[in-house]
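Okay, so here's the structure we're looking at.
Since the structure is predicted, the reported quantities are computational estimates derived from the model, not experimental observations.
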Amino acid sequence: MVGWAIAVHGGAGVDPNLPTERQEQAKQLLTRCLNLGISALRSSASAIDVVELVVRELETDPIFNSGRGSALTEKGTVEMEASIMDGVGRRCGAVSGLSTVKNPVSLARLVMDKSPHSYLAFSGAEDFAKQMGVEREENDYFVTEDNVGMLKVAKEANSIVFDYRIPTTGYESCGAGVESPIRMNGLPISVYAPETVGCVVVDSQGRCAAATSTGGLMNKRIGRIGDSPLIGAGTYACDVCGVSCTGEGEAIIRGTLAREVAAVMEYKGLALQEAVDFVIKERLDEGQAGLIAVSKTGEVAYGFNCVGMFRGCATEDGFMEVGIWE
Amino acid sequence: MVGWAIAVHGGAGVDPTLPTERQELAKQLLTRCLNLGITALKSSVSAIDVVELVVRELETDPTFNSGRGSALTEKGTVEMEASIMDGSGRRCGAVSGLTTVKNPVSLARLVMDKSPHSYLGFSGAEDFAKQMGVEREENDYFVTEDNIGMLKIAQEANSIVFDYRIPTNGYESCGVEVENPIRMNGLPISVYAPETVGCVAVDSQGHCAAATSTGGLMNKRTGRIGDSPLIGAGTYACDVCGVSCTGEGEAIIRGTLAREVAAVMEYKGLGLQEAVDFVIKERLDEGQAGLIAVSKTGEVACGYNCVGMFRGCATEDGFMEVAIWE
């Protein structure tokens, strides 16, 4: 028996001018989700069940960029994606291009458990959702006023931005505070704050699991797939650890970030925090991202190379921390 | 200056009773594609351009399961996918769910070079194709008689099969020879022969590149995404090597197979062939797959744990081999 451990995130890259009340709201949500997971772990729920239930909660709350509250495509619609991985046997499931599924992470779980495939997308994934009878909603359930406003701002700036949870009236001060506008793939990003959500858990049997869910990039092209549903990039779990990433999708994909943490533990013998630090430092080049991770021995760690990451961690010995900044 | 090297594949897992004339056809195509790549490499074409042009040729020929000749979905349509990666800077591009694009690998290249994203799928990818003005065809261009026959058999067997290039009237003898019917994700696979195509190359500057393209599984659900478009799973290229995989998609995804070859070279200091052997042996569990790889120092290697892989390799010092079996 090892001590359990859990971490949640709500996105890496946070505007330093984020209004305090928004910061508080975010921390309250992270705390609530952490506590949900902790209760489940204390009741001996398995890691794979815990990551799913926690990410469901993050998707259902409109604060972060997943499920309800997802970033909008260039057409004002949502195309949600998620992946989940069970360290036991490295089983995995992923979905992309969802437009009506209330909890994408649960559909990803069904792909893993109830389909012969690993990854279903777009209308095929929606068909599977209908077949599985998961909860579904109309598009406007997922669309929040804040995001409608952000899309407008993004279009005016003719840029793809990370969804950023600030009121549009605060945008001017936010933009002013940012000294070096972030660029991604050559496009200016006026406001830099992706809020993909994720959860990683190791249960008392030492089993690791990970799940990640997102609406993707604000003003993205229809059909754009990011790192969150990609096994080895946004999500990974195996015998030794569970990892969920967030940030610049392209950098996470190129860096196979989630797999990398496990690989340096397995092949270089690094411990969890060392592995996380190594990966953040060495695999991102000029890309900006963050990640959370747990190890089979009950450790929890996180790392990010950008300004801030919404996160929370807890371990069985009573340690608990919710933070945004360094 | 290092010697260049190139490898191509047309799928791992080949029925041992494949009629001789089919084997010859396949070997002729592999030889032709290899020679196309060799000519380009001798003219100092870069690795990324070589892998694209070779995979285009494989897609255009109906023999293997990509582009024209793609496996069919449960609905009798094609949904093609591909990915390409440039070891220089680890830039990458991928597409899924294509129905009209004559050369999926070239659209993946355009995603990499001409879009702010890394991966586009389904109708969004088709929109991008129209915008880019790539060559497009009606669905029946891609559908071959052989595949219509295979789909029928698969549906009768109520199974998902790998696309297998045998005449339908030879099927009866083929099934008989297979002693242990392969199963994938709990479904029986009556005929086991995925024919995803791929190419890896290292040019005389030591730059590596890789590309993979496929129609996916015969009788797959619409919306099913396999390993071929997933960076780190079916395709990977970096400073040290270029890798393209083929076989059971789920096993390749779970094993992050293509990235793994590079990871054990980087982190365990293995040479190319050692790395390939290690990955095939250690990362596949009961999954069946194969891969081709090149290293920045001009080596080429292949490995597979199933019966046969259509492949060809060549190096600048004059070595050339085209084969199917051990």
> What residue among B/V95, B/T212, B/L98, B/T214 forms side chain to side chain contact (heavy atoms under 4.5 Å, CB included) with B/E81?
Replying inline: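 Testing B/E81 for a side chain to side chain contact (heavy atoms under 4.5 Å, CB included) against B/V95, B/T212, B/L98, B/T214 leaves exactly one candidate, B/T214.
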>> With side chain to side chain contact (heavy atoms under 4.5 Å, CB included) as the test, pick out the partner of A/C238 among A/E266, A/K296, A/M85.
In response: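 It is A/E266, the one option of A/E266, A/K296, A/M85 that forms the side chain to side chain contact (heavy atoms under 4.5 Å, CB included) with A/C238.
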Region of [X] that comes under 4.5 Å of a non-hydrogen atom in chain A:
X	result
B/R254	both
B/E126	neither
B/I253	both
B/Q131	side chain
B/E79	neither
B/D285	side chain

> Would you say A/R224 and B/Y119 make side-chain contact, with heavy atoms under 4.5 Å?
Replying inline: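 Contact flag for A/R224/B/Y119 side chains = no.
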Is chain B contacted by the side chain of [X], its backbone, both, or neither, given a heavy-atom distance below 4.5 Å?
X	result
A/E260	side chain
A/F128	both
A/A233	neither
A/L120	both
A/T256	side chain

> How far apart are the closest heavy atoms of A/G76 and A/N139, and which atoms are they?
Replying inline: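 Looking at all heavy atoms of both residues, the closest pair is O-ND2, 4.0 Å.
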>> Between A/F122 and B/F122 (judged by ring centroids, cut-off 6.0 Å), do the two rings come close enough to count as a pair?
In response: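 So the answer is yes for these two rings.
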>> Quick check for you: among A/I225, A/V264, A/I222, which has the greatest number of heavy-atom pairs under 4.5 Å with chain B?
In response: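 With the most close heavy-atom pairs to chain B, the winner is A/I225.
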> Does a salt bridge link B/D86 with B/R90, judged by any charged N lying under 4.0 Å from a carboxylate O?
Replying inline: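 No salt bridge links B/D86 with B/R90.
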> When you look at NZ of A/K130, are more than 12 heavy atoms from neighbouring residues, nucleotides or ligands closer to it than 6.0 Å?
Replying inline: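 Yes, enclosed.
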> Can A/L257 and A/V279 be said to form a side-chain contact (heavy atoms from CB on, under 4.5 Å), step by step?
Replying inline: CA-CA 7 Å; A/L257 220 68; A/V279 168; 3.6 Å; yes
> Are A/M132 and A/S106 close enough, and set up right, to give a side-chain contact (heavy atoms from CB on, under 4.5 Å), and what steps lead you there?
Replying inline: CA-CA 11 Å; A/M132 290 286 116; A/S106 292; over 6 Å; no
> Given the options B/T73, B/L120, B/T222, which has more heavy-atom pairs under 4.5 Å with chain A than any of the others?
Replying inline: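 Most heavy-atom pairs under 4.5 Å with chain A: B/L120.
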